[in-house]
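What you are looking at is a predicted structure, and each value in this text was computed from that prediction instead of being measured.
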Amino acid sequence: MVDRIMKVNAYTTFDLLDGEVEGHGFEEEALAVLNVTAPRKNPDHVELQLEMDNTDLDAVKPHADSVTLSAVQARELAAELEEYAEKVEDTQSE
């Protein structure tokens, strides 16, 4: 990905995931970077960041999205991810 907005390095949670951008009248696929982080000093939130490879997108200007989660919200998201991961694994093992 050229012209990245997010800092991507060896500590980035996931890089080069399959991503999709959908809007009114368009749908595009691109590689994506997904990162989970918290401030190093006095962490008071969890940040979830997503950036799509802007070289593969025509309908969306280069940007990165982020969501700030409390510790409770981050744990709720983690529980939801676990639940859906189990469903996928159960289906694949049948």
Side-chain angles (χ1 to χ4, degrees):
M1 288 174 54
V2 284
D3 196 26
R4 284 189 171 140
I5 294 168
M6 289 174 45
K7 182 177 178 181
V8 178
N9 57 34
Y11 302 105
T12 304
T13 309
F14 293 107
D15 58 342
L16 302 180
L17 296 172
D18 293 328
E20 185 177 311
V21 176
E22 183 178 345
H24 296 289
F26 71 90
E27 189 173 310
E28 295 184 292
E29 294 180 356
L31 295 175
V33 173
L34 180 66
N35 193 42
V36 179
T37 189
R40 289 181 189 238
K41 294 182 180 179
N42 302 317
D44 60 348
H45 67 277
V46 175
E47 187 170 16
L48 182 63
Q49 304 166 308
L50 176 68
E51 182 178 0
M52 305 296 285
D53 183 352
N54 60 51
T55 62
D56 290 339
L57 301 175
D58 295 320
V60 179
K61 291 184 179 183
H63 73 286
D65 296 305
S66 64
V67 176
T68 301
L69 304 168
S70 67
V72 170
Q73 291 168 325
R75 286 190 180 95
E76 185 176 336
L77 176 59
E80 288 283 316
L81 289 169
E82 285 289 335
E83 178 183 333
Y84 284 99
E86 282 184 35
K87 287 181 181 184
V88 170
E89 288 174 340
D90 290 348
T91 301
Q92 291 178 345
S93 67
E94 292 177 355

Item to check | Gap between atom CG of Asp44 and atom OG1 of Thr68 - 0.5 Å precision | outcome: 9.0 Å
Checklist entry - Tell me, do Leu48 and Leu34 make a side-chain contact under 4.5 Å, heavy atoms counted? => result yes
Checklist entry - Where do Val46 and Ala74 come nearest, in terms of heavy atoms and distance? => result CG2-CB, 3.9 Å
Item to check | Residue pair Asp53 / Leu57: nearest heavy atoms and the distance that separates them | outcome: O-CG, 3.7 Å
Checklist outcome for this item: Output for pair (Leu77 CG, Arg75 CZ), nearest 0.5 Å, gives 12.5 Å
Item to check | Atom pair OG1 (Thr12) and NZ (Lys7), whose distance is rounded to the nearest 0.5 Å | outcome: 9.0 Å
Item to check | Criterion side-chain contact (heavy atoms from CB on, under 4.5 Å) on Asp18 and Leu31, from CA distance to verdict | outcome: CA-CA 5 Å; Asp18 293 328; Leu31 295 175; 4.3 Å; yes
Item to check | Smallest separation among heavy atoms of Ala38 and Pro43, with atom names | outcome: CB-CB, 4.2 Å
Item to check | Cluster link Leu81 to Val36, ILVMFWY, side chain under 4.5 Å | outcome: yes
Item to check | Side-chain heavy atoms of Tyr11 within contact of Thr37, under 4.5 Å | outcome: no
Next on the checklist: How long is the straight-line distance from CG of Asp15 back to CZ of Arg4, given to the nearest 0.5 Å?
Outcome noted: 6.5 Å
Checklist entry - Should we count CD of Gln73 as having more than 12 external heavy atoms under 6.0 Å? => result yes
Checklist outcome for this item: In this structure, CD of Glu51 is separated from NE2 of His63 (nearest 0.5 Å) by 8.5 Å
Checklist entry - Same hydrophobic cluster for Ile5 and Leu50, using side-chain heavy-atom links shorter than 4.5 Å among ILVMFWY? => result no
Item to check | Pair Met52-Val60, side-chain contact (heavy atoms from CB on, under 4.5 Å): steps then yes or no | outcome: CA-CA 10 Å; Met52 305 296 285; Val60 179; over 6 Å; no
Next on the checklist: Quick check for you: to the nearest 0.5 Å, what is the distance between Glu82 atom CD and Glu86 atom CD?
Outcome noted: 6.5 Å
Next on the checklist: So which atom in Glu28 and which in Asp56 form the shortest heavy-atom distance, rounded to 0.1 Å?
Outcome noted: OE2-O, 4.1 Å
Checklist entry - So, Gln49 side chain and Ala64 main chain: donor-acceptor pair closer than 3.5 Å or not? => result no
Checklist entry - When you look at CZ of Phe14, are more than 12 heavy atoms from neighbouring residues, nucleotides or ligands closer to it than 6.0 Å? => result no
